[in-house]
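Step one of this worksheet: look at the structure below.
Sequence positions, counted from 1, serve as the residue numbers for this chain. Source: prediction; values computed, not measured.
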Amino acid sequence: MQGMKAFDVVRLYFDRAADQMDLTDNMRRLLLIPKREVQVQIAVEMDNGELATLLGYRVQHDNSRGPMKGGLRYHPEVDLDEVRSLAALMTWKTAVVDLPYGGAKGGIAVDPTRLSRRELERITRKFVDEIHDVIGPDRDIPAPDMGTGPEVMAWIMNQYEKYHGFAPACVTGKPVELFGVPGRDEATGRGVGIFALKLLSRLGRPPRGATVAIQGFGNVGSHAARFLHDAECKIIAIGDVSGDYFRADGLNLADMLKFAHEHRNSLAGYTGADRLGKAGSLLELDVDILIPAALGGVLTAENAARVKAPIIIEAANSPTHPAADEVFAANGIVVLPDILANAGGVTASYFEWVQNRQHYRWGLNRVRQELDRALGDAFEHVWRLSSEQKVSLRTAAYMLGIGRVGRATVLGGIS
Ligand code: NAD
């Protein structure tokens, strides 16, 4: 990320909040250094008979508030530094929403779009063979992230159970038919939509006709689009890895969802909208709400000054470089930080874990009600702290998260 490593970015945002809280250097070190980092070799035979040797990671950042929780990313750019930064974000995120969890993250450096389903399954099972001893319902509970979904989670559960017996709570984001919960798949995008409406209301704007641009049309981007479309916002631009699609009078969302569903979740070849020329230009459109919901590091010192949206919701993890964050603050752009903006997913994962442990099932309405309440409470808390302390929403969210983790660490005792 422009000369800064992913973990350095998290450290910088952490330090801004820690300065505000007068945290000692020793406490900062204790809260920042991960508890455990695991790197494993995943050797598998591919469909063509060739041997592939991949690298898999699991970083367990902090467990002072409960078992560690965090997604599993399959993407060619996954490395230890990125996983470490995402694990730390999970620690602050679970604390901001006040879930009884710590933070972790994992990943495999691989491009899942180039794998067959059988290869994906073999790689996933081999990864579980390597890490099953350090994960589990009371230790560390993986979930989906970029490049993984319910099917991968089902394989993880099945492979974990071969070693440890029946344990559906060892992973979340499972298919609804196999110990998953209705509403988990939409939860992150729904949360992003809920926060967008809350911010519009705080800024005195009605949702109806508010224009929206979304980068990413996967799990998070597509559900955020659906929620905001239902709230009568106007989605005018959506981008995915194949390009940016634009219609000034509003995209035909149902058509795009259908197209993506029929084309392995890709918009490549979609002709129902104009294509924007330069990669990244979606981020610079004159819209009311900008939602980066794909990769990290897309809002940079280079493009920040051209961003016109007054509201940015960080649906992706770490989309904003610190230099861009400063430009946004100077330009009066409100940024809802990732550790709050995309917390809907881990919150619904918590509901799934609770139900698995109780052998009880909630309906979709209850999942949505509890989700809306948990996210609403966290938003109010962060908004209030930001106004009282005269700090950005990001620094307020970090202060809330770090404060909770710090207190749990001290109360639990260190020696
Ligand atoms: P996904 O794999 O379902 O979708 C990713 C989307 O990003 C796809 O539409 C893909 O085409 C697009 N994309 C990839 N590279 C791109 C590029 N260079 N330019 C433009 N678009 C690109 O992933 P997801 O689960 O929707 O996750 C998206 C982001 O949200 C990630 O940063 C992830 O960490 C974060 N997140 C996800 C969840 C969750 O519940 N899935 C929870 C919290 C945070």
Side-chain angles (χ1 to χ4, degrees), residues 71 74-75 112-113 117 144-153 173-177 180-197 207-276 279 281-283 285 287-295 298 313-316 319 341-342 344-345 348 364-365 367-368 371-372:
Y74 289 0
H75 191 275
T113 63
R117 197 169 159 273
D145 190 72
M146 267 173 82
T148 58
E151 194 172 37
V152 172
M153 300 304 120
K174 300 179 292 290
V176 177
E177 304 85 343
V181 291
R184 168 61 185 89
D185 61 337
E186 67 173 23
T188 310
R190 179 181 176 84
V192 167
I194 288 171
F195 292 134
L197 298 188
R208 185 169 194 171
T211 51
V212 183
I214 303 177
Q215 185 188 54
F217 201 50
N219 174 283
V220 181
S222 66
H223 283 292
R226 207 188 293 244
F227 184 93
L228 290 171
H229 181 262
D230 290 349
E232 299 190 57
C233 295
K234 204 200 288 182
I235 319 290
I236 65 166
I238 288 177
D240 77 355
V241 72
S242 71
D244 293 341
Y245 302 81
F246 173 80
R247 249 175 82 167
D249 59 345
L251 292 162
N252 184 339
L253 191 63
D255 195 38
M256 292 180 87
L257 287 165
K258 183 166 174 282
F259 185 92
H261 182 70
E262 287 165 0
H263 296 84
R264 268 195 112 181
N265 297 325
S266 168
L267 290 171
Y270 182 68
T271 52
D274 295 331
R275 289 286 295 269
L276 291 177
S281 54
L282 173 149
L283 302 170
L285 286 175
V287 287
D288 295 312
I289 303 171
L290 173 64
I291 303 179
L295 301 176
V298 292
I313 318 247
E314 291 186 341
N342 64 33
L364 177 60
N365 282 344
V367 172
R368 284 182 172 169
L371 181 73
D372 296 1

Legend entry - Min side-chain heavy-atom separation Ile291-Gln215 under 4.5 Å: no
Legend entry - Atom pair CG/CD of Leu290 and Glu314 - distance to nearest 0.5 Å: 10.0 Å
Inset, instruction - Please check if the side chain of Tyr245 supplies one atom and the backbone of Leu267 the other of a donor-acceptor pair under 3.5 Å. - result: yes
Inset, instruction - Considering non-hydrogen atoms only, spot the tightest contact between Ser281 and Leu276 and give its length. - result: OG-CB, 3.6 Å
Inset, instruction - Determine, for Arg368 against Glu186, whether the closest basic-nitrogen to carboxylate-oxygen distance falls under 4.0 angstrom. - result: yes
Inset, instruction - Check ring-ring contact (aromatic ring centres under 6.0 Å, His included) between Tyr270 and all other residues, then give those that pass, not counting sequence neighbours. - result: Phe259
Legend entry - Val212 side chain reached by Asp288 side chain, heavy atoms, under 4.5 Å: no
Check: residues 216-224 side-chain donor-acceptor pairs under 3.5 Å, at least two apart:
{"unit_1": "Asn219", "atom_1": "ND2", "unit_2": "Asp185", "atom_2": "O", "d": "3.0"}
{"unit_1": "Ser222", "atom_1": "OG", "unit_2": "Gly218", "atom_2": "O", "d": "2.6"}
{"unit_1": "Ser222", "atom_1": "OG", "unit_2": "Asn219", "atom_2": "O", "d": "3.4"}

Legend entry - Which atom of Ile214 lies closest to which atom of Ala293, heavy atoms considered: CG2-CB, 4.3 Å
Legend entry - Test: Asp372 and Arg190 ion pair at under 4.0 Å: yes
Legend entry - Side chain to side chain, Cys233 and Leu197, heavy atoms closer than 4.5 Å: yes
Legend entry - For the student: nearest non-hydrogen atoms of Pro150 and Lys174, plus distance: CB-C, 4.1 Å
Legend entry - Residue that, paired with Phe246, satisfies side-chain contact (heavy atoms from CB on, under 4.5 Å) out of Leu251, Ile236, Ile238: Ile236
Legend entry - CG on Asn265 to CG on Asp240, rounded to 0.5 Å: 9.5 Å
Inset, instruction - Determine yes or no for a side-chain-to-main-chain donor-acceptor pair under 3.5 angstrom, with Ser266 supplying the side chain and His263 the backbone. - result: no
Legend entry - Closest heavy-atom pair and its distance - Val287, Thr211: CA-OG1, 3.3 Å
Legend entry - Short side-chain donor-acceptor distance under 3.5 Å, Thr188 and Asn342: no
Legend entry - Non-hydrogen side-chain atoms of Lys234 and Leu228 separated by less than 4.5 Å: no
Legend entry - Minimum heavy-atom distance between Leu285 and Ala237, given as atom pair plus value: CD1-CB, 3.4 Å
Inset, instruction - Report yes if the side chains of Val152 and Pro144 come closer than 4.5 Å at any heavy-atom pair, otherwise no. - result: no
Inset, instruction - Measure the CG-NE2 distance between Asp145 and His75 for me, rounded to the nearest 0.5 Å. - result: 10.5 Å
Inset, instruction - Quick one: closest heavy-atom pair of Val192 and Ala341, and the distance? - result: CG2-O, 3.5 Å
